[in-house]
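For the numbers below, each heavy atom of this structure counts, side chains included, while hydrogens, waters and symmetry mates do not. Quick note: residue numbers are just sequence positions, from 1.
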Amino acid sequence: MKNTTEKSAATLPNHVNLEKWEEVGYTWSGSVSPSQFKRLLDIVPEQYQDQPIELVCELNKQGQLLALNLSFTGDIWTICQRCLNPLNIDVTHDAQLILLQREEQQSLVDEADDYLLLEELLAEQPENKKGDRLLPLKKLVEDELLLDVPLSAKHDDCEMAVVQVGEIVEEEAENPFAALASLKGKLS
């Protein structure tokens, strides 16, 4: 078993150089907050954007496969789509992403496992134009957190935040065939 090298960066790095860390392993642990992620800023109210989420990232080889293990502990706040008040979502969970070098390796992965093709993932990164193999760690962490937030987040027991102004007057709809009924006797 190879030793894993723990990175002691104060903040979550944007990328991990696979050329350097793929064989020896890589670990990063610390706190992240929604304020560090562009797409989370859109769904987290400003007063909760600095709430810490504990994170442990481990990149290691498992046989022929490369795995990224993510362990989250904490909460994300968003707005309830029903009452428009803050809503706390527990994001405590572990996730494993298998990083396949080639599409042919899919047969090595269980159907229930989440996997990504490194070739496609690395091609999406503008930083990799020079032939570098930079894994977008920060983007993958953000993707995983976004998956925890429901598309339409709601409290289990809240009322709709709608205030009715005035009375609703129900008008009887005019029957479009009423004019035909009056002609019925005249045409015979």
Any sub-3.5 Å donor-acceptor pair from Gln49's side-chain atoms to Val44's backbone N or O? yes

Is the Tyr26 ring parallel, tilted or perpendicular to the Trp21 ring (thresholds 30°, 60°)? perpendicular

One should read off an interatomic distance between Leu135 CG and Leu66 CG, to the nearest 0.5 angstrom, of 7.5 Å

Working to the nearest 0.5 Å, report the span between CD1 of Ile79 and CD of Gln81. 8.5 Å

Mind checking whether Val56 and Leu137 sit in one hydrophobic cluster, side chains of I, L, V, M, F, W, Y counted as touching below 4.5 Å? no

More than 12 heavy atoms from other groups under 6.0 Å of NZ on Lys61: yes

Value for CG (Leu140) from CG (Leu145), rounded to nearest 0.5 Å, stands at 11.5 Å

Could you check whether any side-chain heavy atom of Thr73 comes within less than 4.5 Å of a side-chain heavy atom of Ile53, counting everything from C-beta outward? no

Would you give the length of the straight line joining atom CG of Asp94 to atom CG of Leu70, rounded to the nearest 0.5 angstrom? 9.0 Å

Do His93 and Leu147 touch side chain to side chain, with heavy atoms closer than 4.5 Å? no

Would a 4.5 Å heavy-atom cut-off, applied to side chains only, mark Pro13 and Trp28 as touching? yes

So do Leu18 and Leu59 actually touch side chain to side chain, heavy atoms under 4.5 Å? yes

Are Cys57 and Val141 side-chain neighbours, meaning at least one heavy-atom pair lies under 4.5 Å? yes

Do any N or O atoms from the side chain of Lys154 and from the backbone of Cys83 form a donor-acceptor pair under 3.5 angstrom? no

Do the side-chain N and O atoms of Asn85 and His155 include a donor-acceptor pair separated by under 3.5 angstrom? no

Are any non-hydrogen side-chain atoms of Pro136 and Asn14 less than 4.5 angstrom apart? no

So does Arg39 get a backbone contact from the side chain of Glu142, meaning a donor-acceptor N/O pair under 3.5 Å? yes

Considering only heavy atoms from C-beta outward, does the side chain of Cys158 approach that of Cys80 to under 4.5 Å? yes

Residue pair Ile98 / Leu116, side-chain heavy-atom distance below 4.5 Å: no

Will you find, in the side chains of Glu54 and Ser31, an N or O donor that is under 3.5 Å from an N or O acceptor? yes

Please check if atom CD in Gln47 has more than 12 non-hydrogen atoms from other residues, nucleotides or ligands closer than 6.0 Å. yes

Tell me whether the count of non-hydrogen atoms from other residues, nucleotides or ligands lying under 6.0 Å of OH in Tyr115 goes above 12. no

Under 3.5 Å, is there a donor-acceptor pair linking the side chains of Glu22 and Gln101? yes

Interatomic distance, Lys139 atom NZ to Glu144 atom CD [nearest 0.5 angstrom]: 11.5 Å

Is a side-chain N or O of Thr78 found less than 3.5 angstrom from the main chain of Ile43, in a donor-acceptor match? yes

